[in-house]
Amino acid sequence: MVSRGFKEIAQYLIAGEVEKRELEKVTAKIKPGLTVEEAYLVQQEIVNTKLAEGKRIIGPKMGLTSQAKMKQMNVNEPIYGYVFDYMRIENGGKLRMQDQIHPKVEAEIAFVIGEDIIGPGITAEEVLVKTEFVIPALEIIDSRYENFNFTLPDVIADNASTSRVVFGTSLKKPTQLDLDLVGVTLKINGEIKELGAGAAVLGHPAEAIAMLANMLSCKGEKVRKGDVILSGAITGAVMIGEGNVVTGKFAGLGEVSFTVTA
Ligand code: 0L1
Ligand code: MG
């Protein structure tokens, strides 16, 4: 075991992403006592590196927002990470397995933010007022760790497993539908693998965006006008592979799909 700084841990994790290879957990290989606060500093180093390379942030994202996932990880607070422009795949487009390690897909509702949202004390109601549109989305997560096996600080440091995202093309005002009641099916090659409703995300997906604004305020940051934010998984995450046609159908919000190629 070698003791290394946050920047070096970030480089270790970026190498896993770039070289598409599974890594040993940071808490097993590099820093056993990594705290949640330190893990966000590692994540920040990853973000800084990508920004310095000319990549652009589409928006932060929320993860571990369902009771099931929080229970599984033995935590009571969701986490956040960042989605970059190079991670975006067009609706109906292709996800290349050669760009991935062991991808999984989950269905989410994304919020297109119309006005800055500055915590603390933000409520879901304020989020809905400041949201321009909601859109359906599929997130591809690809933990850099062996078998998606990690502790909470590990997954935070690894930018919340973020890998790719596909946004749908239908834009709805958040007042046009009850987001907690939006039913979702996630199909692979036409077969339903997972299903759920918006309420799986902290009771209402806007609650996740409010929580994000409040979490970001602890480090003097905010949810920004123009951010497109994944609010968290409505369905469980499903392993995908070459030849899969993945379709998310969202009641009142439309469909999103992509195909997995070699
Ligand atoms: O977006 C997410 O909810 C992913 C959070 C990280 C947990 C995982 O990789 O399963
Ligand atoms: Mg997600």
Side-chain angles (χ1 to χ4, degrees), residues 13 16-17 20 22-27 34 36 39-40 42-43 46-47 57-84 87-89 95 100-111 134-168 179 182 184 186 193-209 211-212 215 227-240 246 248 250 256 258:
L13 289 162
E17 181 191 355
K20 289 115 202 162
E22 289 186 327
L23 302 172
E24 212 177 320
K25 281 183 290 201
V26 170
T27 55
L34 188 74
V36 163
Y40 276 115
V42 174
Q43 188 192 98
I46 291 178
V47 169
I57 292 174
I58 291 178
K61 66 161 236 189
M62 285 297 268
L64 303 182
T65 46
S66 72
Q67 288 304 330
K69 266 204 174 179
M70 280 191 269
K71 199 167 166 200
Q72 185 192 332
M73 295 289 303
N74 201 20
V75 295
N76 47 23
E77 195 175 67
I79 61 174
Y80 61 85
Y82 289 87
V83 177
F84 282 82
M87 298 174 172
R88 187 166 181 178
I89 294 170
L95 171 77
Q100 302 286 300
I101 305 167
H102 42 204
K104 295 183 186 181
V105 64
E106 47 192 30
E108 310 205 7
I109 293 174
F111 285 62
V134 286
I135 52 178
L138 293 174
E139 185 188 14
I140 294 103
I141 52 174
D142 194 28
S143 170
R144 270 49 72 170
Y145 301 121
E146 293 163 346
N147 304 318
F148 274 78
N149 178 0
F150 43 67
T151 66
L152 186 66
D154 283 309
V155 68
I156 292 169
D158 184 30
N159 193 25
S161 306
T162 312
S163 180
R164 293 291 183 273
V165 65
V166 188
F167 294 118
L179 293 179
V182 170
V184 178
L186 180 59
K193 295 289 185 188
E194 286 283 336
L195 48 81
V201 182
L202 300 178
H204 192 294
E207 293 286 355
I209 309 299
M211 188 175 277
L212 173 67
M215 288 169 90
D227 280 346
V228 183
I229 305 177
L230 293 169
S231 56
I234 291 171
T235 63
V238 181
M239 205 71 145
I240 48 177
V246 183
F250 297 67
V256 193
F258 66 91

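Counting starts at 1 for both ligands and their atoms, following the listed order. It should be emphasised that the depicted structure is a prediction, and the values quoted were computed from it without experimental measurement.
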Which residue, [options], forms the side-chain contact (heavy atoms from CB on, under 4.5 Å) with [X]?
X	options	answer
I58	F167, F84, Y82	F167
M70	L202, T65, I79, L152	L202
I57	V83, V228, V47	V47

Determine whether more than 12 heavy atoms belonging to other residues, nucleotides or ligands lie under 6.0 Å from atom NZ of K20.
yes
When rounded to the nearest 0.5 angstrom, what distance separates [atom1] in [X] from [atom2] in [Y]?
X	Y	atom1	atom2	result
K25	N149	NZ	CG	4.5 Å
D154	R144	CG	CZ	12.5 Å
L212	M62	CG	CE	5.5 Å

Contact table ligand 1 N or O to protein N or O, d under 3.5 Å:
residue  : atom   : partner : partner atom : Å
ligand 1 : 1 (O)  : K61     : NZ           : 2.8
ligand 1 : 1 (O)  : E106    : OE2          : 2.9
ligand 1 : 1 (O)  : E139    : OE1          : 3.0
ligand 1 : 3 (O)  : L64     : N            : 3.2
ligand 1 : 3 (O)  : E106    : OE2          : 3.4
ligand 1 : 9 (O)  : S161    : OG           : 2.6
ligand 1 : 10 (O) : K69     : NZ           : 3.2

If you count every protein N, O or S atom closer than 2.8 Å to the Mg ion (ligand 2), you should arrive at 3
Please step through side chain to side chain contact (heavy atoms under 4.5 Å, CB included) for the pair S143 and D158, ending with a clear verdict.
CA-CA 7 Å; S143 170; D158 184 30; 3.8 Å; yes
So do V182 and I234 actually touch side chain to side chain, heavy atoms under 4.5 Å?
no
